Structure formats: C-alpha cells, structure tokens
Amino acid sequence: GENVEQHPSTLSVQEGDSAVIKCTYSDSASNYFPWYKQELGKRPQLIIDIRSNVGEKKDQRIAVTLNKTAKHFSLHITETQPEDSAVYFCAATLSGGYQKVTFGTGTKLQVIP
Amino acid sequence: KAGVTQTPRYLIKTRGQQVTLSCSPISGHRSVSWYQQTPGQGLQFLFEYFSETQRNKGNFPGRFSGRQFSNSRSEMNVSTLELGDSALYLCASSAGWGLAGEPYKNTGELFFGEGSRLTVL
C-alpha cells in the first residue's frame, strides 16, 4: 500500500520567513496530493492540493510543488504569519478510486512573532 | 450546509469495554471515512464507506469495525478496548470521486468532523 513520509516533524520560523515541508510517497499510482492544516484543537482542513499532471500550484502565500519522478512533493509558505502556526499534513491518494487517503505524520509549524 | 457532526465528543472507557462512535456527514455526501489520530502517528486510515458498503479498510485489528446507514450516517465500533486505543477518532465525509459514469464533482476533498476523543483507562 501507499506510504507517505513527512519531514520535518517540527519547524520553527520567524514571522516573515519562509517555511518548507517535504513529503515523499511510495506508490507511483498516486496522483492526487492534498495538504491539510490542523490548528490546535480544531479539525483538519484542506488548504491546497495538486494533481500529478501539474508540477506546481500557488494560492497566495502557499505553494505546492510535485516531482513525480522522485515521488516528492513539498509545501512552501512565504511571508509566514502567526496564524500559520498549526500542524500540517501531506497526503497521497488515487483520484477516481476509493477514498483512501494516506497521510504523513504531520509537521508542527511554529511562527515566532 | 451543516458540517460533519461527530458524537460523542469526549468519552472515557476502561479496558475491555466497547465503544460506538457516530458520524453524520455533510448532506449529500455518500463517502464517509474514519481516521485515528495519535501524537506522532498522524492520521491513520481505518475504513471508508460509500453507499452502505465498506470499500476499503486500513491495517487495524478486527476489533475495529464500522457501518453506514442508508442516510449515509456512519458508526464505528471498537470492542475489547485496549490502552493503546486512546486517540482522537476523526470522521471525514466527501462527495467522493464517484463511480464511472456518475456525475460527482471530482474533488476528493475530505471534510472532517471535530472528532471523538476516546480515553481508555
């Protein structure tokens, strides 16, 4: 089955700096890669996703890149703000199939004001 | 639209007991997935139901089971509770990718409930 590894497990950055979270996946059949953000005590929510036919996607201060050959994908947050502090989960799945999403173990991001 | 509702939000059980958790998905969503969240382990997939059928199951022992009703509401059950079952159990609903030919929006987004926090003593 699919296995998703996520690094780092914790990340502290100064407000205004950039943050990068990296994930690798094992199943070459996976073609949909969402990122979820979970604030303390709240439910995970989708913040951005990318499909395997796209190499990069941006949404304001966040961007995701995908390298299918290396089975790597990354989340980039620029100009970090205190409200970006949360746990971020990457995930991989096969679109169009059963809804089985494999998540990484999460990255706790702390943005220091 | 109302979001995903999970009950109960908190519960405490002792080893050997069983527990049933409930999830009401977003209206119109037919796919319901369950995840176990523990510190350091992230979100681990338990199972997914679509139109009352379990379509996929994660690597959990048979003590973990679930079902889905005709109104898409889902329940999961854990029997013979162990200390290691203490976790936040999250339910997520999705419009689903749909089967071939079905007119579902192909988003795949999971909408999570707030979770049921289970403590086993």
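Everything quoted here is computed from the prediction, not taken from an experiment. Letters go in sequence order (proteins before strands), and every chain restarts at 1.
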Within 6.0 Å of CZ in B:Arg117, more than 12 heavy atoms from elsewhere: no

Cluster link A:Tyr25 to A:Ile50, ILVMFWY, side chain under 4.5 Å: yes

Heavy-atom pair of closest approach, residues A:Val101 and B:Phe45: O-CB, 4.2 Å

B:Gln17, CD: over 12 other non-hydrogen atoms inside 6.0 angstrom: yes

Atom pair CG/OH of B:Leu110 and A:Tyr36 - distance to nearest 0.5 Å: 3.5 Å

Hydrophobic cluster identity match, B:Ile26 and B:Phe69, side-chain contacts under 4.5 Å: no

Contact class of B:Gln41 relative to chain A, heavy atoms under 4.5 angstrom: backbone

Chain B contact via A:Pro44 - which portion, at a heavy-atom distance below 4.5 Å: both

Neighbour count >12 (heavy atoms, 6.0 Å) for atom CZ, B:Arg63: yes

Which of A:Lys42, A:Gln6, A:Gln38 touches chain B most, by non-hydrogen pairs under 4.5 Å: A:Gln38

Positions in residues 103-113 of chain A that reach chain B, provided some heavy atom is under 4.5 Å away: A:Phe103, A:Gly104, A:Thr105

Contact summary for A:Lys100 and B:Lys57, nearest pair of heavy atoms: NZ-O, 4.2 Å

Within 6.0 angstrom of B:Asn59 CG, more than 12 heavy atoms from elsewhere: no

Hydrophobic cluster membership, A:Tyr32 vs B:Phe112, 4.5 Å side-chain cutoff: yes

Structural part of B:Gln44 lying under 4.5 Å from a heavy atom of chain A: neither

ILVMFWY network linking A:Val4 to A:Ile48, side-chain heavy atoms under 4.5 angstrom: yes

B:Leu21-B:Tyr35 co-clustered via ILVMFWY side chain contacts under 4.5 Å: no

Region of B:Leu90 in contact with chain A, defined by heavy-atom distances below 4.5 Å: side chain

A:Gln45 CD to B:Glu109 CD distance, which is reported to the nearest 0.5 Å: 8.5 Å

Side chains of A:Leu46 and B:Phe111 in contact at under 4.5 Å (non-hydrogen atoms): no

